[in-house]
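This report refers to the structure that appears directly beneath it.
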2 protein chains.
Amino acid sequence: MKKKVSLKDIAQEAGVSTALVSYVMTNKEEKARVGREMARKIRKIAQKLNYQPNHLARSLKSGRSDTIGLIVADISNPFFGHIARTIEDEAKQHNYTVIFGSSDENVDKSGDLINALLNRQVDGLIVIPAEGSEQQIRRLKERHVPFVLMDRPFPDVDASSISINNAGAAYEAVKHLLLSGRRRVGMIAYKTGLHHIAERRSGYTQALSDYGLEKEKRIKLARYSHLRDDIRKAIDQLTGGKHPADALFFATNSLAIEGLRYISELGISVPEQLAVVSFDESEAFDLFHAPVTYIRQPIREMGKAAVRLLLEQIRDGDKPTEAICLDAELIVRQSTAKK
Amino acid sequence: MKKKVSLKDIAQEAGVSTALVSYVMTNKEEKARVGREMARKIRKIAQKLNYQPNHLARSLKSGRSDTIGLIVADISNPFFGHIARTIEDEAKQHNYTVIFGSSDENVDKSGDLINALLNRQVDGLIVIPAEGSEQQIRRLKERHVPFVLMDRPFPDVDASSISINNAGAAYEAVKHLLLSGRRRVGMIAYKTGLHHIAERRSGYTQALSDYGLEKEKRIKLARYSHLRDDIRKAIDQLTGGKHPADALFFATNSLAIEGLRYISELGISVPEQLAVVSFDESEAFDLFHAPVTYIRQPIREMGKAAVRLLLEQIRDGDKPTEAICLDAELIVRQSTAKK
DNA sequence: CTGAAAGCGCTTACAG
DNA sequence: CTGAAAGCGCTTACAG
């Protein structure tokens with residue numbers, strides 16, 4: 001790259017010290033009581049030379065990088081892509097830039113990522129934590145790094161977080177299935193200790209038991225790393241046998257998409273033979289022949305809240321933690337129509 | 001945040017200069033001929049203090065930030081999300097971090113973004129350029145900023161780029177429709193001057209004319225900002241009248257998804273009444289009742305090539321520009337089955 | 001084998 | 001109203 005013009009170049013041309021130029025360029029001329037004439041002259045030269053401040057130098061001096069780090073599970077998953085987009089927009093409004101990384105639901109990657117972002121002096125972190133990363137998160141707290149957990153709070157860690165009422169939303173979804181006449185409702189979830197999935201499972205269980213169907217509990221788990229195979233197996237089991245499920249509740253959009261692929265292949269008719277509800281949204285749900293009933297998370301609000309909480313923490317290191325829990329909404333469509 | 005430990009702290013504890021510590025921490029002990037004992041001692045202290053280098057300071061000094069900037073149209077669009085993911089993975093392998101931004105197909109935003117990333121001293125840029133951003137790209141070249149154009153080359157700008165054979169891929173798609181017995185093939189594209197869309201249009205036109213159907217050309221354009229309305233209007237026009245289209249070719253996945261939503265609403269049967277092909281891929285294409293035939297771009301290869309080209313440019317500022325053009329693949333499925 | 005010193009490009013408290 | 005100086009945390013050419 002061509003050598004960039006620095007404060008020094010401007011100072012030289014204007015015949016003043018770099019200090020003056022710095023004051024003018026950061027609009028602190030008032031405070032530094034720089035002469036109006038001089039300020040104008042400096043600005044003019046800066047313009048002519050097309051001066052662009054070096055953010056790195058500024059950050060090194062000021063201790064603030066105006067950058068936030070974002071850790072998601074996988075940026076190519078539209079759910080996280082949407083979150084990233086909201087955070088980007090919201091951050092930009094406050095003159096922050098976003099560095100991101102995908103943890104792939106992997107603790108080691110997550111740890112490396114956190115370190116890499118921290119070494120780059122991000123002012124704070126928004127993280128959608130991977131399973132088993134509690135320790136890493138605790139370390140953040142010990143080091144007084146401002147951060148916000150998103151999507152998946154850790155019940156045992158006292159940290160600011162944005163999440164939704166997972167148990168409640170799952171409960172509503174299952175209740176909706178029961179009210180539409182289904183009795184054998186299966187659930188497919190990730191095999192994970194993450195709290196948000198546990199909550200979704202407990203919402204499911206609670207609904208069944210409130211409707212006197214605790215005996216009908218049928219949950220299958222799929223590994224993130226063997227998604228396709230595990231889901232196929234799960235569906236085979238749930239829809240086979242003497243008392244096949246007449247409804248399926250998927251705990252996330254990726255589970256549902258993979259599941260629906262297989263359901264189509266098998267020629268199972270939705271919603272006649274099998275009603276379907278999923279967490280999250282997806283364009284794919286719209287194009288399924290029976291548009292899929294889903295639980296809509298308020299992604300925009302979540303992103304906004306996350307950035308807000310983080311910036312407050314950055315500004316005030318002693319801000320008490322704040323856990324925000326938003327409500328999700330059940331969007332009812334064809335895939336759960338009454339039989 | 002708590003004060004971080006710096007080289008100085010280690011130097012103090014070890015009773016040596018920061019220079020020594022720096023050499024050891026960057027594994028240049030050989031070159032600096034630091035004593036083995038001393039090196040061990042320094043490493044031990046660094047470990048104990050949990051030393052983490054400040055990347056900002058390093059970058060300021062070295063002039064390299066080991067960060068690349070990525071500009072996409074919209075990170076929440078899975079197509080770009082996938083590209084981002086490949087670039088992230090590939091960059092990480094070379095110890096680079098990625099800062100990203102969404103231009104929203106808007107020239108002003110794109111300009112702001114480029115500046116913001118450059119001020120943060122990214123070593124180079126991978127950009128999926130917005131319409132009308134030629135000037136911004138030319139400026140990059142003038143300033144000798146390493147960069148690679150992706151997805152959309154500018155024919156009038158001599159720059160390194162990764163793209164696919166858009167005209168050829170479109171040609172194949174339309175040819176496939178014609179060979180499957182369709183005669184009135186409509187196309188829906190973005191209203192844009194961007195070259196890759198122009199190429200897709202010309203592939204369409206060429207195919208029609210090669211098959212003696214130039215009179216049957218029916219292209220409709222939709223504005224990015226009025227996607228839904230424009231597509232609905234376009235589909236109404238194409239499928240209405242005395243000679244309704246019997247096939248539709250969508251120039252991108254977002255156009256197709258919006259279009260298929262409407263086609264479902266209208267109750268038009270695919271592929272019987274209307275065959276459908278789209279550029280790009282999407283999970284939604286799989287779940288459509290007649291899985292959609294699409295043109296698969298080699299995203300992984302594209303991302304890898306982009307990073308490779310960029311890093312070569314960063315290493316060698318005089319590297320001549322290189323335009324890589326990859327082939328796309330037509331994946332034939334139900335939506336274009338013979339009538 | 002080791003260290004002092006300069007410098008990357010900024011900011012800001014301080015002195016005049 | 002203006003400027004000299006110190007310093008953020010590193011790296012590296014140079015001198016011993």
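Below, all heavy atoms of this structure are taken into account, side chains as well, without hydrogens, waters or symmetry copies. Per chain, numbering begins at 1; letters A, B, ... match sequence-line order.
Within the structure, no pair that satisfies the side-chain hydrogen bond (donor to acceptor under 3.5 Å, both in side chains) test touches residues 54-63 of chain B, not counting sequence neighbours. Within the structure, the ring pair (Phe, Tyr, Trp, His ring centres under 6.0 Å) test picks out the following pairs touching residues 87-139 of chain A (sequence neighbours left out): A:F100-B:F100. The list of ring pair (Phe, Tyr, Trp, His ring centres under 6.0 Å) pairs with a residue in residues 62-89 of chain A, not counting sequence neighbours, is empty.
Considering only residues two or more places apart in sequence or on other chains, A:D104 meets the salt bridge (charged side-chain N to carboxylate O under 4.0 Å, His left out) condition with A:K109, B:R85. Under the side chain to side chain donor-acceptor pair (under 3.5 Å) criterion, A:T321 pairs with A:D158, sequence neighbours left out. Applying the side chain to side chain donor-acceptor pair (under 3.5 Å) test to B:E105 and every residue at least two apart in sequence or in another chain returns B:R152. Checked against side chain to side chain donor-acceptor pair (under 3.5 Å), A:T86 has no partners two or more places apart in sequence or in another chain. For B:Y51, there are no ring pair (Phe, Tyr, Trp, His ring centres under 6.0 Å) partners at least two apart in sequence or on another chain.
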Provide a list of protein-nucleic acid N or O atom pairs under 3.5 angstrom, restricted to nucleotides 14-16 of chain D.
none

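Following rounding to the nearest Å, A:M25 (CE) and C:dT12 (P) show an atom-to-atom distance of 15 Å. When rounded to the nearest whole Å, the span between CG of B:D9 and C1' of D:dC8 equals 13 Å. Distance CD1 (A:I42) to P (D:dT2): 8 Å, rounded to an integer number of Å. Distance CG (A:N119) to C1' (D:dG9): 13 Å, rounded to an integer number of Å. Atom P of nucleotide D:dT11 and atom CD1 of B:I10 are separated by 11 Å, given to the nearest angstrom.
Close to D:dT2, at under 4.0 Å from its OP1 or OP2, lies no side-chain N or O of A:S17.
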Using atom types as modelled, flag every donor-acceptor pair under 3.5 Å from a side chain in residues 34-42 of chain B to any protein atom, sequence neighbours excluded.
{"unit_1": "B:K41", "atom_1": "NZ", "unit_2": "B:A14", "atom_2": "O", "d": "3.4"}

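Under 4.0 Å is where a charged nitrogen must lie from a carboxylate oxygen, and between B:R139 and B:E142 at least one such pair does.
Stretches of at least 3 consecutive Watson-Crick or G-U wobble pairs, with each checked distance under 3.5 Å, appear in DNA chain D as C:1-3 with D:14-16, C:5-12 with D:5-12, C:14-16 with D:1-3.
A heavy atom closer than 4.0 Å to some atom of DNA chain C occurs in A:Y51, A:Q52, A:P53, A:N54, A:A57, A:R58, A:K61, these being the qualifying members of residues 45-65 of chain A.
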